[in-house]
Amino acid sequence: MKKHLFYWLALVFIAVTGCQKELSFELGNTPAEGSLQSDATGDCLPKSVNGVYVAGTPLVPATNTISVSVNVTRTGIYTITTDTINGYHFRGTGTFTALGANSIILRSNGTPFVGGVDNFIVSFDSTICDIAITVLPVGSGPATFTLTGSGTPASCTTPVLSGTYVKGGAMNATNTVVLNVNTTVAGTYNITTTLTNGMTFTGSGSLAVGVGTITLIGSGTPTNSGSITIPVTYNSSNCNFVIPVLDPVAGTLGGGPGACTPVTPNGTYTINVPLTAANTIQVQITTAAVGPYSVSTNTVAGISFSGSGTSTGVAGQTITLLGIGTPTASGPQNFIVTFGTSTCTFTLPIGTGASAFTADCSTATPDGLYEAGTQLNASNTVDISVNVTAIGPYSIITTAVNGMVFTKSGTFTVLGPTTITLVGSGTPGMAQTSVIPMPGTVPCNFSIVVDPPLAVYHWKFTVANAPTTIYRGENDDVQFGSNPPIPGTSFVIQGSNAIGSDFFAMILVDISGTINNGETYSTSATITNAALFNYDLPSPVVETYSADPSVTGVTMIFTVTTHNVATKT
């Protein structure tokens with residue numbers, strides 16, 4: 001919409017009722033939405049604490065980790081963090097590619113100052129949950145504790161089992177048991193049960209003095225169904241718990257015996273990088289009845305996937321297989337999924353650690369102020385679509401053109417199209433259309449329009465998103481007057497940048513007929529002291545920043561600090 005249209009919009013503007021307009025930014029890398037899972041007391045569910053925490057000993061991000069579960073309602077990039085307590089914190093970043101439950105690992109950073117129990121608050125989106133970390137005193141050695149149990153032989157007191165145990169089904173990190181212990185000397189522990197019915201349970205960590213719990217994670221494949229007794233021994237203390245191993249229900253895999261249909265890989269796969277809880281594969285099963293299932297793959301290039309649970313008996317049930325291991329080879333790897341007598345196949349690309357991509361320069365969208373003689377900053381960005389053909393880290397540095405360079409580095413975690421944001425630096429020397437070469441598997445070029453400097457700037461505004469973006473220019477038209485037949489007074493200012501490619505308009509409407517110093521005008525106002533704001537970037541790549549009463553969203557408030565009716569300022 002161009003110049004004089006905005007003046008006539010002011011007539012309609014004060015008659016609009018009940019709505020406000022959002023401040024819209026066309027940004028790539030949409031943030032994910034969802035909620036952390038927790039119980040009635042606020043504790044994260046499910047949760048796990050990995051590694052040993054000793055006061056004065058720096059934490060190792062790869063081993064000192066916590067995991068939490070997120071119910072994802074919108075896919076996109078995420079950052080999950082904790083507060084900093086006792087000198088350390090946890091953080092995890094990445095991209096959610098699937099809706100529903102996702103298990104995320106947060107890596108540690110820092111060094112605990114003193115021993116004790118640290119209660120962290122985990123934050124994501126607008127949700128929080130709690131997780132406790134036990135830190136041992138400086139110089140701590142092995143813990144002294146007894147397993148809580150009763151009887152002869154002693155049965156472990158109220159063990160808490162998680163996961164589904166199915167005859168012939170491989171176990172994974174979801175198969176756990178939590179045991180009660182009583183610790184008399186704080187320290188570290190490491191427990192491994194003897195192989196029983198094809199199953200082994202292991203656990204390690206640290207314990208403070210007093211009553212507490214330890215978590216053992218199962219591995220192996222149960223060979224027989226029934227109630228299986230698992231003995232646990234630590235020093236001279238022992239007890240046992242019972243695992244109910246079920247007979248599997250029969251069914252078929254989606255797409256079998258050919259390619260799995262559908263199949264959804266999640267997480268990043270790179271040679272020599274161990275898999276985490278984010279590395280999963282989703283497939284579909286169909287069973288004739290409700291019952292326990294166990295689905296697994298063969299081991300290829302050092303990794304495999306498995307999952308178990310209870311089927312719904314509904315055709316096309318989506319299930320999740322958790323990956324384990326460390327990739328030993330790169331390139332496309334072919335896996336066979338097995339569910340009883342049914343099989344299907346899928347191909348998983350494993351990256352070499354170096355990415356490959358092709359950029360689509362026709363999608364390049366510059367943002368920020370580009371003006372001859374004015375140094376670029378973090379607000380000078382270019383959003384551009386790329387097609388990733390090999391996952392892994394990347395580093396983009398464009399060739400210097402007209403004093404400008406654009407850079408971006410990171411890690412591609414999924415194949416296919418995505419959007420990245422290049423950040424500019426340097427100082428453009430000339431007002432011109434500068435052609436910037438974009439590297440990639442197939443290079444291309446995008447253009448940056450550099451404006452000539454203005455002697456006087458009539459207007460300036462800042463878009464305070466990330467990064468902050470400054471726009472400024474000169475007035476093309478300023479109008480002040482009444483709006484018959486609707487009573488009131490309006491102030492309209494319209495302008496453009498130095499070369500007239502970007503268009504700016506702002507309207508203030510006062511139904512009482514006067515515009516005074518100290519008054520505020522809001523885009524959410526329905527009649528009195530209403531405002532409208534609009535800023536258009538040039539064609540063919542159009543990007544509009546706007547706020548008016550027609551769309552619910554962010555409110556903009558204008559304050560009149562000084563004004564002069566005669567000079568229309």
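Along the sequence shown, residues are numbered consecutively beginning with 1. Keep in mind that this is a model prediction, so the values were computed, not measured.
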- Message: For the backbone of Thr82 and the side chain of Arg91, can you confirm whether one donor and one acceptor N or O come within less than 3.5 Å of each other?
- Response: no

- Message: Which label fits Tyr293 and Phe339: parallel for a plane angle under 30°, tilted from 30 to 60°, or perpendicular past 60°?
- Response: perpendicular

- Are a donor atom and an acceptor atom from the side chains of Asn86 and Asp118 found within less than 3.5 Å of each other? yes

- Task: Let me see the working for Phe406 and Ile397 under side chain to side chain contact (heavy atoms under 4.5 Å, CB included), right down to the final yes or no.
- Result: CA-CA 6 Å; Phe406 293 84; Ile397 304 176; over 6 Å; no

- Task: Report the C-alpha distance between Met438 and Ile396 in whole Å, list the side-chain angles of each, state the deciding distance to 0.1 Å, and finish with yes or no for side chain to side chain contact (heavy atoms under 4.5 Å, CB included).
- Result: CA-CA 8 Å; Met438 174 69 182; Ile396 298 172; 3.7 Å; yes

- Heavy-atom donor-acceptor pair, Asn102 side chain to Gly100 backbone, under 3.5 Å: yes

- Message: For Ser362, is there any backbone N or O sitting under 3.5 Å from a side-chain donor or acceptor partner on Asp360?
- Response: yes

- Task: May I ask you to test the Asn109-Leu59 pair for a side-chain heavy-atom distance under 4.5 Å?
- Result: no

- Query: Side chains of Ser35 and Asp125: is there a donor and an acceptor less than 3.5 Å apart?
  - Reply: no

- Query: When you measure from the side chain of Thr363 to the backbone N and O of Ser385, does any donor-acceptor pair fall under 3.5 Å?
  - Reply: yes

- Query: Considering only heavy atoms from C-beta outward, does the side chain of Tyr269 approach that of Leu275 to under 4.5 Å?
  - Reply: yes

- Query: Would Tyr234 and Tyr189 count as a ring-ring contact (aromatic ring centres under 6.0 Å, His included) if you check the C-alpha gap in whole Å, the side-chain angles of each, and the deciding distance to 0.1 Å?
  - Reply: CA-CA 9 Å; Tyr234 181 77; Tyr189 69 91; 7.2 Å; no

- Looking at Thr164 and Pro292, what are the two nearest heavy atoms and their distance? CG2-CB, 4.3 Å

- Got a second to check how far Leu136's CG is from Thr188's OG1, nearest 0.5 Å? 7.0 Å

- Message: For a quick check under 3.5 Å, do Thr41 and Asp39 share a side-chain donor-acceptor pair by atom type?
- Response: yes

- Item | Contact summary for Thr389 and Phe357, nearest pair of heavy atoms | OG1-N, 4.0 Å

- Under the side chain to side chain contact (heavy atoms under 4.5 Å, CB included) rule, collect the residues that match up with Ser306, sequence neighbours excluded. Ala170, Asn172, Ser296

- Message: Could you check whether Gln317 and Thr312, counting side-chain N and O atoms only, form a donor-acceptor pair closer than 3.5 Å?
- Response: yes

- Message: Looking only at the side chains, is there a donor atom on one of Asn266 and Thr280 sitting less than 3.5 Å from an acceptor on the other?
- Response: yes

- Item | Single hit among Asn182, Thr183, Leu207, Thr184 for side chain to side chain contact (heavy atoms under 4.5 Å, CB included) with Thr144 | Thr184

- Message: Would the distance check show the side chain of Asp83 and the main-chain N or O of Ile121 forming a donor-acceptor pair, the cut-off being under 3.5 Å?
- Response: yes

- Query: Sequence neighbours excluded, which residues qualify as salt bridge (charged side-chain N to carboxylate O under 4.0 Å, His left out) partners of Asp43?
  - Reply: Lys47

- Item | Whether Asn64 side chain and Val60 backbone form a donor-acceptor pair below 3.5 Å | yes

- Task: Measure from the side-chain N and O atoms of Ser311 to the backbone N and O of Ala289, and report whether any donor-acceptor pair falls under 3.5 Å.
- Result: yes

- Task: Just do the side chain to side chain contact (heavy atoms under 4.5 Å, CB included) check on Ile420 and Phe412 with the steps written out, would you?
- Result: CA-CA 10 Å; Ile420 61 175; Phe412 290 125; 3.9 Å; yes

- Task: Determine whether Asp130 and Val122 make a side-chain contact, defined as any pair of heavy atoms from C-beta on separated by less than 4.5 Å.
- Result: no

- Query: Can you tell if the side chain of Leu147 reaches within under 4.5 Å of the side chain of Val232, non-hydrogen atoms only?
  - Reply: yes

- Message: Atom CD1 of residue position Ile336 - does it have more than 12 heavy atoms of other residues, nucleotides or ligands inside 6.0 Å?
- Response: no

- Tell me yes or no: between the side chains of Ser67 and Ser48, is some donor less than 3.5 Å from an acceptor? yes

- Query: Between Glu33 and Ser126, is any pair of side-chain heavy atoms under 4.5 Å apart?
  - Reply: no

- Message: For a 4.5 angstrom cut-off between non-hydrogen side-chain atoms, does Phe201 reach Val177?
- Response: yes

- Query: Cut-off 3.5 Å, side chains only: do Thr358 and Asn387 have a donor facing an acceptor?
  - Reply: no

- Should Arg107 and Thr276 count as side-chain neighbours, where that means a heavy-atom distance under 4.5 Å? yes

- Task: Report the relative orientation of the aromatic rings in Phe305 and Phe335; use parallel for angles under 30°, tilted for 30 to 60°, perpendicular for over 60°.
- Result: perpendicular

- Item | Thr398 (side chain) donor-acceptor with Ile436 (main chain) under 3.5 angstrom | no

- Query: Thr328 side chain to Ala301 main-chain N or O, any donor-acceptor pair under 3.5 Å?
  - Reply: yes

- Item | Side chains of Asp383 and Thr421, donor plus acceptor under 3.5 Å | yes

- Message: Is it the case that the side chain of Thr202 and the backbone of Gly218 share a donor-acceptor pair, with hydrogens and angles ignored and the cut-off at 3.5 Å?
- Response: no

- Query: If we only count heavy atoms from C-beta on, is the Thr81 to His89 side-chain gap below 4.5 Å?
  - Reply: no

- Message: Set out, in order, the CA-CA distance, both residues' side-chain angles and the distance that settles side chain to side chain contact (heavy atoms under 4.5 Å, CB included) for Val337 and Phe346, then state yes or no.
- Response: CA-CA 8 Å; Val337 185; Phe346 68 90; 3.5 Å; yes

